[in-house]
2 protein chains.
Amino acid sequence: MKHLPHKTIERLSQYRRALLLCLEKGKTHIYSHEIAKIQHITSVQVRRDLMLIGYTGTLRKGYNVKELIDLIGNIIDSEEGIKVAIIGMGNLGRALINYFAGKRSKLRIVAGFDTNPDKIGNTMSGVPCYSIEQLKEVVAAEDIKVGIMTVPADYAVDTADLLVKAGIKGILNYTPKPVNVPEGVYLEEYDMITTLEKVAFYVKLQETD
Amino acid sequence: MKHLPHKTIERLSQYRRALLLCLEKGKTHIYSHEIAKIQHITSVQVRRDLMLIGYTGTLRKGYNVKELIDLIGNIIDSEEGIKVAIIGMGNLGRALINYFAGKRSKLRIVAGFDTNPDKIGNTMSGVPCYSIEQLKEVVAAEDIKVGIMTVPADYAVDTADLLVKAGIKGILNYTPKPVNVPEGVYLEEYDMITTLEKVAFYVKLQETD
DNA sequence: TTAACAATGTTAAATTTTTAACACTTTTAC
DNA sequence: GTAAAAGTGTTAAAAATTTAACATTGTTAA
């Protein structure tokens, strides 16, 4: 398998999420159109994505849920696992930790960072909170590869710089301030306001039709 | 102006965010390549988007920040404003409220909902918290158009149904459980785990190159 | 005053992504 | 046992999105 399209990568992760839910319910097989319905896409797209990763289902029975989960794991997970840090233990940071707790074995949030002395030294949902001063040290000691930024907007740029200097390889920026990273560091930015504005826009559009 | 591409809508919102920051700094004009740098895209794309909305800058001086902010507002904002509710006043819900407070005049979070009696009746960052039982009533009374779901995963499906029944026109689902809505309701889903997995994937990819 | 430069605006090409079309195969129904 | 139905897998077409190419025009500098 050569290069998977960007969008396929995103969808594979979503398929797995859906498949894990099916597994919980005791479903052993699933059709492409069932996955499609859950994800609000077409069954063709599902089949095409699965073709790209070389998975082949059973004709007339659909895909084996367990097998497919494993295969997707082989593709998107990193074998040795990846450790993640959260910078900013405010509401959003804590939400992420709770939300994430124990969900993916190959992707673990192992450290939180904050500037608030009341938080430093405590553990939140199993994640120890360190001082931001210790960032470099902890990142190195734990071999943390990915950082999630949930700090106040005004600290965004500085935090990104700190992460880069600490040797982080991927940053997920939940701050409303875009940041810059050098070549070799993967950056993903997400602004909740933008998303909300998009929803509002399409609501407006629908009404004026 | 006919139909703006989906992606252009998203970017317009992002441009505005960047432009507002520039305005704060006292910048009156901005070049396409400056906007591009902030957003990590190309200047061609910026110019193309602005062409689509019919805005024309000053040659050699760039775009007028204020004018462009206003124009983008005319396009994506709804004139009379849109009211938003948050369902689930946990960490994520509260994070969104704080994060959003007073940021956009045309888009206001006017109500929160929860099942926890300790929260109901209180105000959080200026947003009153109601019982989920009152959803329909409050949505109707306030003419709330958009709902943001930040409830625990297990309540996702039921909450979506409630929102639809209450007459909500747009749903932003931050729950990891996909939901379904009827025709006429705009749905946007976002799963933080998927995003994190994507970051992790590209970090892994970069390392194995 | 005129040549070089640096920006915008726009058309055309390239790329990416999605959708359609359809061949193939098992299961089901009679 | 055979036809119809209901799936998968894949190639081809279409649509959406991005990028390139370039014409145009103020501005600057010699």
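Letters A, B, ... mirror the listed sequences (proteins, then strands); counts begin at 1.
Side-chain contact of E67(B) with Y55(B): a donor-acceptor pair under 3.5 Å is present, judged by distance alone. Judged by distance alone, the side chains of D191(A) and Y99(B) do bring a donor and an acceptor atom under 3.5 Å apart. For the 3.5 Å distance criterion, the side chains of E80(B) and S78(B) qualify, holding a donor opposite an acceptor.
Atoms CG (N64(A)) and P (dT8(D)) sit 13 Å apart, rounded to a whole Å. Computed from coordinates, the L50(A) CG to dG9(D) C1' distance equals 11 Å when rounded to whole Å. Rounded to an integer number of Å, the gap from I53(A) CD1 to dT10(D) C1' is 16 Å. Regarding Y55(A), its OH atom lies at a distance of 9 Å from the P atom of dG9(D), rounded to whole Å. Note: CG (L4(A)) to P (dT15(C)) measures 19 Å, nearest angstrom. The separation between I35(A) atom CD1 and dT8(D) atom C1' is 12 Å, rounded to whole Å.
A centroid separation of 6.0 Å or more is found between the aromatic rings of F201(A) and H6(B).
Not a single donor-acceptor pair, N or O on each side, falls under 3.5 Å between the base of dA7(C) and the side chain of R47(B). A donor-acceptor contact under 3.5 Å is not formed by the side chain of R48(A) with the base of dT10(D).
Between D49(A) and T58(A), the residue anchored closer to the 5' end of DNA chain C is D49(A), taking for each the nucleotide with the nearest heavy atom. Between R60(B) and Y63(B), the residue anchored nearer the 5' end of DNA chain C, judged by the nucleotide with its closest heavy atom, is R60(B). With DNA chain D read from its 5' end, the first of the two nearest nucleotides for M51(A) and P5(B) is the one closest to M51(A).
In terms of modelled atom types and a separation under 3.5 Å, the side chain of E207(B) and the main chain of K204(B) share no donor-acceptor contact.
Between Y174(A) and Y190(B), the ring planes are perpendicular. Angles over 60° get that label, and only those under 30° would be called parallel.
A heavy-atom distance below 4.0 Å to DNA chain C is reached by these residues of residues 7-32 of chain A, ordered by number: K7(A), R11(A).
For R104(A), the CZ atom counts as densely surrounded, since its 6.0 Å shell holds more than 12 non-hydrogen atoms of other residues, nucleotides or ligands.
Backbone-only contact: T56(A) has heavy atoms under 4.0 Å from sugar-phosphate atoms and none from a base.
Taking the side chain of Q45(B) as heavy atoms from C-beta on, and the options dT18(D), dT10(D), dT18(C), the nearest nucleotide is dT18(D).
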